[in-house]
Amino acid sequence: MAIPSIFFISFLLLPVHLASGKVTVNSTLSTNDHNSSWFSSSGEFAFGFRPINNNTSLLLLAIWLAKIPDETIIWNADISNPLSSGSQVQLTPKGLSLTNPQGQVIWTAEQQDNVFYGEMLDTGNFVLASSDSSYLWQSFNYPTDTLLPTQTLDLTSKLSSRLTQSNYTKGRFELYFDNGNLYLSQIGWPTESRYAKYFSVNTNSNVSASKLVFDSSGNVYVETKGGSQIGLGWDDSGLDVSTYYYRATLDYYGVFTFYSHPRASRSHQVWSIVRFVPSNICTAILSDLGSGCCGYNSYCVWNKTRPTCMCPEGYSLVNPDDEFGGCKPNISLGCGSDDARSRENPEDVYDMKPLQSVNWPLGDYERLINYSEDECRESCLHDCNCAVVIYNTARDCWKKRLPLSNGRLSATDEGGTTALLKVRTRPRDY
Ligand SMILES: *[C@@H]1O[C@H](CO)[C@@H](O)[C@H](O)[C@H]1NC(C)=O
């Protein structure tokens with residue numbers, strides 16, 4: 001009976017998920033087992049462990065596009081810290097259970113005790129199904145920062161941006177429904193407190209929204225309870241799902257962006273920005289609370305499709321690896337005890353550096369009218385609370401203290417606005 005038993009054994013060893021995308025109960029994936037993932041039947045999507053930025057010791061449980069060069073992650077399990085090697089995910093009759101190397105359960109996607117199989121679908125949705133193939137759980141209902149064609153966002157769900165380009169922790173921006181309208185807001189990270197809304201799709205009050213739809217043709221719209229469709233204000237024409245992958249991602253800098261990527265796998269291909277809201281994130285966010293698109297003390301420059309953040313002269317990035325993480329003065333300003341003791345003349349140690357068309361519009365603490373630019377400069381120089389003055393051609397002098405927020409460079413010169421920044425030119429004498 002040698003031949004049948006070899007046949008039988010090799011049948012058992014066959015990876016059952018390869019043919020159909022289906023995963024049987026009690027299957028496991030382990031971070032120790034490289035290339036261990038569950039693929040969709042087309043091979044286009046994979047579910048499993050993914051290193052973050054080629055750092056093989058930090059991993060996510062994720063779903064990604066497996067056939068394109070950068071293997072874009074479109075979903076990840078919501079866990080507070082990256083996984084270390086030795087972690088494992090198992091499909092049980094209850095659902096998915098993720099354990100750390102110590103065997104502690106750190107994340108689950110569990111339902112009743114009747115999960116019959118899991119399946120990585122060719123849409124990018126990972127589902128847990130019962131014996132009659134109805135879905136008990138689906139990753140599409142727990143989105144992270146990305147929506148795909150055929151996915152919807154219901155009234156109680158939200159998208160959260162990631163923290164930075166390479167950090168998948170939930171970040172500073174959310175896309176969500178409130179009272180039937182769709183909004184973007186900055187949040188009081190890491191809590192759930194929402195600051196001023198900077199983008200909205202308003203449904204009219206008596207026919208409020210039911211969901212945000214990303215349909216199979218690539219159109220994105222809010223569908224009302226009455227069945228009508230309200231666009232986001234971007235143009236949905238010219239889409240071709242057979243040639244391109246599409247995704248809509250709430251980027252870590254707060255823009256909700258629609259991307260395309262050719263399906264044909266050739267190297268050097270990247271995601272293109274097709275459309276986005278709001279049209280200029282640098283000016284769209286104006287909130288008393290929070291830093292704005294860029295971090296504190298920096299200013300935002302809009303470059304046609306995405307923002308960049310700049311530190312003013314005399315300031316540098318708080319975290320050199322995070323352009324959006326804000327800036328700090330190279331030498332601290334302020335009214336510290338050493339300043340009080342100091343007999344230094346401010347003229348000798350500070351300069352007021354001009355910065356054309358840059359403004360931090362909120363958070364003034366003084367408004368001095370009918371001032372000359374020199375008077376404005378002097379007033380800031382001799383005020384230890386003052387970090388910057390905004391001076392305009394109407395002879396208004398606005399004094400601001402740190403931290404500066406909502407900073408932006410105006411493309412059009414708003415009434416000849418100049419920022420004058422106090423910069424320490426000599427180190428402190430201690
Ligand atoms: C992501 O950021 C959080 C908060 O700053 C930090 O605790 C975590 O270690 C970061 N993760 C990675 C992989 O750098």
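We count ligands from 1, going down the list as the structure has it; atoms in each ligand are counted the same way. Keep in mind it's a predicted model, so treat the numbers as computed, not measured.
On a distance-only criterion, W189 and ligand 1 share no N/O pair closer than 3.5 Å.
Within a 4.0 Å radius of atom 14 (O) of ligand 1, the protein has at least one heavy atom.
Residue pairs meeting the side-chain hydrogen bond (donor to acceptor under 3.5 Å, both in side chains) criterion with at least one member in residues 305-319, sequence neighbours excluded: N303-T308, E313-K353, S316-N330. Residue pairs meeting the salt bridge (Lys or Arg N to Asp or Glu O under 4.0 Å) criterion with at least one partner in residues 47-59, sequence neighbours excluded, are absent.
The single protein non-hydrogen atom nearest to atom 7 (O) of ligand 1 is N81 OD1, 4.7 Å, given as residue, atom name and distance. Closest to atom 2 (O) of ligand 1, if we only count protein heavy atoms, is N167 ND2, 2.3 Å.
When non-hydrogen atoms are compared, ligand 1 lies under 4.0 Å from the side chain of L163 (C-beta onward) but not from its backbone.
Taking the six-membered ring where the residue is Trp, W271 and Y259 present perpendicular rings, their angle passing 60° and hence far from 30°.
No side-chain donor from either of T164 and N167 sits under 3.5 Å from a side-chain acceptor of the other.
Ring centers of F258 and F276: at least 6.0 Å apart, outside the cut-off.
Interface of P82 with ligand 1, defined as ligand atoms under 4.0 Å from a residue heavy atom, comprises 13 (C).
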